[in-house]
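Since this is a predicted model, take the numbers as computed values, not measurements. Sequence lines set the chain letters: A, B, ... in the order given, protein chains first and strands last, and positions in each chain run from 1.
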Amino acid sequence: MCGRFTLTSDIDEIVELFDIGRNEFEGYQRRYNIAPTNIVPAVLTVDGERVLRGFKWGLVPFWSKDGKSSYSMINARAESILKKPAFRNLIDRKRIVLPCSGYYEWRKEGSGKQPYLFQLNSEKTFGLAGLYDTWEGPDKNTVWSCTIITTSPNELAEKVHDRMPVILNENGIDLWLDTNNMDKDLLTSLLTSYPTEEMKLFPVSKAVNYVKNQGEDLIKEVVLNSK
DNA sequence: CCAGACGTTGTT
DNA sequence: GTCTGG
DNA sequence: CCAGACGTTGTT
DNA sequence: GTCTGG
């Protein structure tokens, strides 16, 4: 999973897919409109209600000493998620889904790296499976942080990369966000690659390499020079 | 027993 | 906090 | 990806 | 130069 993904501004799509209130989404936008770029939105269930809040991307486990997360904690491997001490205790009660309209992966091509954008064929918003944790700082502040789960790629994704994020369909989102669901077999069975035939991929501008670049141009297809 | 890890990926 | 490796 | 190791022995 | 660990 790359270090960059996009979120559509289509409120209706998000509200519908995640079954959250419209005011929940608008409240999120208000609360986080000046958040740093490493804060990402995600949906969780609190007291039976779907809630959208910001998480620092890069898990900080509750037992962390300094509140920092290593770069590697941005992802958790689905295959080992029940074994790894940093993740396995989170699967019971700390599950989230991150709204996403597309994600980038880079492929080495000749001298440089060509970014590709993955989307659903429908170009609609989808959900990435994640886990979160909270960490209490010395001054009693709480850091909410998260990690995105990766799995082996489907036939499309493997053209570019050897991993892909876990994408949940609507049913998967419901199961993953159901706080009453403690069935580890069922939960881990959701952590597979998304159907190839429902996804598309195309090259995009290398402008995506610079985080400061934003906007529509980054999700447009570009024509690559054939060799 | 205790110290040290605890994790994954690759444009930052 | 808990597990692992030395 | 990049920084740092790259090794073994034993009177430290 | 190449491998490994972070």
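- Figure legend. dG5(E) is base-paired to dC2(D); pairs are counted as Watson-Crick or G-U wobble with both atom distances under 3.5 Å.
- Comparing the C1' positions of dT9(B) and dC2(D) gives an interatomic distance of 13 Å, to the nearest angstrom.
- In this structure, M164(A) atom CE and dT9(B) atom P are separated by 13 Å, rounded to whole Å.
- Separating the CH2 atom of W57(A) from the P atom of dT9(B) is a distance of 12 Å, rounded to the nearest angstrom.
- Rounded to whole angstrom, the span from the CG atom of D162(A) across to the P atom of dC1(D) amounts to 12 Å.
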Expected rows: protein N/O vs nucleotides 1-6 of chain C N/O, under 3.5 Å:
none

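- What separates CD1 of I81(A) from P of dT8(B) is a distance of 9 Å, to the nearest Å.
- With both ends at atom P, the span from dA3(D) to dG7(B) equals 25 Å, rounded to whole Å.
- Computed from coordinates, the I74(A) CD1 to dT11(B) P distance equals 10 Å when rounded to whole Å.
- Taken to the nearest 0.5 Å, the NZ atom of K200(A) stands 12.5 Å off from the CZ atom of F118(A).
- What you find for W176(A) and I91(A) is that their closest heavy atoms are CH2-CD1, 4.1 Å.
- As the counterpart of dT8(D), no nucleotide is assigned, since no Watson-Crick or G-U wobble pattern has both distances under 3.5 Å.
- With C1' as the reference atom, dT12(B) and dG1(E) are 27 Å apart, rounded to whole Å.
- With respect to D174(A) and R50(A), a salt bridge is recorded, a charged nitrogen being found less than 4.0 Å from a carboxylate O.
- Considering only heavy atoms from C-beta on, D133(A) stays 4.5 Å or farther from N89(A) through its side chain.
- Listed by chain and residue number, P85(A) satisfy the side-chain contact (heavy atoms from CB on, under 4.5 Å) test with R88(A) (two or more places apart in sequence, or in another chain).
- Residue T150(A) places at least one side-chain N or O under 4.0 Å from the OP1 or OP2 atom of dT9(B).
- Across the P atoms, dC3(E) and dT8(B) are found 23 Å apart, a figure rounded to whole Å.
- Separating the CG atom of N75(A) from the P atom of dG7(B) is a distance of 13 Å, rounded to the nearest angstrom.
- R163(A) places its CZ atom 14 Å from the P atom of dG7(B), with the value rounded to the nearest Å.
- Environment of CG in D139(A): crowded, with over 12 heavy atoms of neighbouring residues, nucleotides or ligands closer than 6.0 Å.
- Distance check on atom C1': dT11(B) versus dT2(E) gives 23 Å, rounded to whole Å.
- Distance, Y104(A) OH to dT11(B) P: 14 Å, rounded to whole Å.
- Contact between the side-chain N/O atoms of R77(A) and the OP1/OP2 oxygens of dG7(B) is not found at any separation under 4.0 Å.
- The two residues T125(A) and L17(A) come nearest to each other via the heavy atoms O-CD2, 3.3 Å.
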